[in-house]
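Data first, discussion second: the structure below is written as structure tokens.
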Amino acid sequence: MDDPAVPASGIGDTLVDWYDTAARDLPWRRPGVDPWAVLVSEVMLQQTPVARVEPVWHAWVARWPTPADLAAASPAEVIRAWGKLGYPRRALRLRETAVALVERHGGAVPADVAALEALPGIGTYTARAVACFGHGRPQPVVDTNVRRVVARLVHGRAEAGTARAADLADVAALAPADRDRAVRFSVAAMELGALVCVARTPRCAVCPVRDRCAWRLAGSPAADGPPRRVQRFAGTDRQVRGRLLDVLRGAEGPVPASALDDAWGEAVQRGRCLDSLLADGLVEQTADGRFALPA
DNA sequence: CAACCGTGGCG
DNA sequence: TCGCCAAGGTT
């Protein structure tokens with residue numbers, strides 16, 4: 001009856017069992033962490049490594065334990081508390097989300113994916129992550145880790161292509177039927193990509209599904225498409241904006257324009273970046289012409 | 001859809 | 001040393 005060639009359980013169940021033994025003990029995964037704290041963690045984790053998020057997340061959930069608390073904070077406070085996590089517009093949008101939660105959802109975090117996606121800074125990934133990890137709703141959750149896992153495991157390709165709507169269906173097809181296990185599967189797939197099925201040197205020797213991996217069964221072929229281009233940073237507006245904002249974060253109050261000259265020597269680019277920070281609401285100009293974080 | 005939006009650690 | 005990469009979202 002038992003065919004030894006057929007695995008005892010599905011890939012999804014195997015990943016859940018692996019997760020139970022191999023998962024990291026991350027603070028936002030502990031029992032009792034509410035959906036708001038999960039939402040904060042998910043926004044911070046957008047393009048930012050776990051190690052840098054942890055201390056900032058602890059500070060935020062202690063200081064602003066509910067959406068109403070954050071909604072009452074000033075942009076300046078929020079930008080300062082964001083520190084050097086990067087992409088500081090996320091901090092602004094998180095505050096705007098807190099305001100929207102107070103105004104539209106009675107200060108609570110909705111469990112409905114469409115309602116979550118309507119919030120500023122909350123997209124396809126984060127909405128499902130909050131519904132799933134924050135509220136325990138079974139949802140396919142697709143981040144860069146999961147797309148890489150699916151590309152290899154299911155499609156036999158070395159790398160994931162550009163994100164597509166079909167990614168959600170690919171992941172949903174792997175999920176266990178059981179509701180509770182489906183929720184854990186969503187974290188498990190991400191964890192596999194973060195710890196084992198990593199981008200550069202995958203640790204196939206310790207992979208729980210190595211015997212069912214299409215990429216490995218195909219002989220681990222190299223990526224075929226054109227090499228994906230990495231964004232430059234040195235000398236870009238992103239770097240300049242970061243330097244300018246760093247000056248203002250470190251200042252007690254408003255600073256004169258001359259205080260920003262040291263941040264970046266080239267005046268044209270410096271001016272353009274200052275303008276864009278003003279347009280983004282990350283900086284404001286005082287009546288006397290100085291610059292500061294928005295009060 | 002490709003470009004843009006920060007920052008820092010690691011191989 | 002320096003390019004690669006990290007729980008994306010918006011335009």
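For the C1' atom pair drawn from dC1(B) and dA6(C), the interatomic distance equals 22 Å after rounding to whole Å. For the P atoms, the distance linking dT11(C) with dG6(B) amounts to 14 Å, nearest Å. Nucleotides dA7(C) and dG11(B), compared at atom P, are 15 Å apart to the nearest Å.
In the set dA6(C), dG8(C), dC5(B), dC5(B) carries the atom at the smallest distance from any side-chain atom of Asp237(A).
Of the side-chain N and O atoms in Thr48(A), none sit less than 4.0 angstrom from OP1 or OP2 of dG6(B). Remark: Arg232(A) is not in phosphate contact with dC2(C), judged by side-chain N or O atoms under 4.0 Å from OP1 or OP2.
Remark: the Thr201(A) side chain and the dG11(B) base include no donor-acceptor N/O pair separated by less than 3.5 Å. Taking only distance into account, the side chain of Gln231(A) meets the base of dC5(B) through a donor-acceptor pair shorter than 3.5 Å. At a cut-off of 3.5 angstrom, counting only N and O atoms as typed in the model, there is no donor on one side facing an acceptor on the other between the side-chain of Arg89(A) and the base of dT10(C).
Between Arg93(A) and Phe133(A), the residue anchored nearer the 5' end of DNA chain C, judged by the nucleotide with its closest heavy atom, is Phe133(A). With DNA chain B read from its 5' end, the first of the two nearest nucleotides for Gly242(A) and Arg229(A) is the one closest to Arg229(A). If Pro49(A) and Gly123(A) are placed on DNA chain C by their nearest nucleotide, the residue sitting closer to the 5' end is Pro49(A).
Glu159(A) has no carboxylate O lying under 4.0 Å from a charged side-chain N of Arg152(A), or vice versa, which leaves the two without a salt bridge. Classification of Arg164(A) and Asp167(A) as a salt-bridged pair fails, no side-chain N sitting under 4.0 Å from a carboxylate O.
A straight line from NZ of Lys84(A) to P of dC5(B) spans 17 Å, rounded to a whole angstrom. Rounded to a whole Å, the OH atom of Tyr125(A) is 13 Å from the P atom of dA6(C). When the P atom of dT7(B) is taken as reference, atom CG of Asp246(A) falls 7 Å away, rounded to whole Å.
Checked by atom type and distance alone, the side chain of Arg95(A) pairs as donor or acceptor with a backbone atom of Ala73(A) at under 3.5 Å.
In this structure, Leu282(A) reaches neither bases nor backbone, as no heavy-atom distance under 4.0 Å exists between it and the strands shown.
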